[in-house]
Amino acid sequence: LRVVWADQHVYWQMIYRLTVTRLARLPKTHDALVLGALMAVAMRSQRWRPVLARHASSIAVPGLAVFVLTAGAASRFSCDRRPVHTLGALAAAVGFAGLAGRSLLRAGRLDRILVHPLLHSYGKYSSYGIYVYHVLVMEHCAWLAAWAARRASPALAMPIGIATFLVSNALVFLNSRWSFRYFEEP
């Protein structure tokens with residue numbers, strides 16, 4: 001349904017918010033929820049856990065690569081681009097499901113990265129804060145990025161988008177940490 005509506009030039013926010021089969025943010029995150037649930041079930045299964053151990057990286061890398069290539073072909077990581085919110089969303093869901101499966105195996109370099117204290121603090125402080133603050137912060141960052149992009153060369157659109165993503169996430173983290181420390185924890 002998402003692909004059909006995108007092909008009919010339905011505004012991406014309408015597809016994201018008003019899909020009749022939405023259930024838990026369908027269509028955009030339903031792929032991720034279903035694939036994450038399948039990954040969790042597979043990890044608990046004696047039959048599927050070894051299969052996942054062999055193939056999780058083979059799922060994660062191509063999925064994330066297709067997402068990045070799709071966003072690159074669409075000229076930016078934005079859900080208002082049809083390729084990003086159709087093929088890109090599915091590819092990201094597949095890639096992150098593989099990454100989650102790989103992380104659940106608790107082995108190798110990836111595990112050492114995922115248990116890093118910086119990532120733990122990001123999860124601790126940001127899980128609720130991301131939910132509360134992300135729209136406010138990211139919309140303001142997007143506005144600043146659009147302002148900068150209008151004044152810059154078109155070749156800088158992707159670097160400006162990546163910088164905006166990194167800066168807005170850092171600001172959400174700092175805002176969330178401050179909120180946790182002064183409002184949620186006491």
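Note that the structure is a prediction, hence the values are computed from the model and not measured.
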Seminar exercise, completed: Sequence neighbours excluded, the answer for side chain to side chain contact (heavy atoms under 4.5 Å, CB included) partners of Arg150 is Ala146, Trp147
Exercise. To the nearest 0.5 Å, what is the distance between OG (Ser179) and CZ (Arg177)?
Worked result: 12.5 Å
Exercise. Side-chain contact, heavy-atom cut-off 4.5 Å: Arg54 with Val51?
Worked result: yes
Problem set entry | Neighbour count above 12 (heavy atom, 6.0 Å) for His140 NE2 | no
Problem set entry | Shortest non-hydrogen contact from Tyr133 toward Ser176 | CD1-OG, 3.9 Å
Seminar exercise, completed: Smallest heavy-atom separation, Ala56 atom then Gly101 atom, equals CB-C, 4.2 Å
Problem set entry | Leu136 CG to Asn175 CG distance, which is reported to the nearest 0.5 Å | 7.5 Å
Problem set entry | Phe183 side chain reached by Trp178 side chain, heavy atoms, under 4.5 Å | yes
For this session: Would you please name every residue forming a side-chain hydrogen bond (donor to acceptor under 3.5 Å, both in side chains) with Ser45, sequence neighbours left out?
Result: none
Problem set entry | CZ (Arg151) with more than 12 external heavy atoms under 6.0 Å | yes
For this session: State the CZ-CE distance between Arg102 and Met43, to the nearest 0.5 angstrom.
Result: 9.5 Å
Exercise. Can you name the nearest heavy-atom pair linking Pro62 to Ser57, along with the distance?
Worked result: CD-O, 3.9 Å
Problem set entry | Met39 CE to Trp48 CH2 distance, which is reported to the nearest 0.5 Å | 11.0 Å
Sequence neighbours left out, cut at 3.5 Å: what donor-acceptor pairs do the side chains of residues 153-173 make with other protein atoms?
residue : atom : partner : partner atom : Å
Ser153  : OG   : Ala155  : N            : 3.2
Thr164  : OG1  : Ile160  : O            : 2.7
Ser168  : OG   : Thr164  : O            : 2.8
Ser168  : OG   : Phe165  : O            : 3.1
Asn169  : OD1  : Tyr122  : OH           : 3.3
Asn169  : ND2  : Phe165  : O            : 2.8

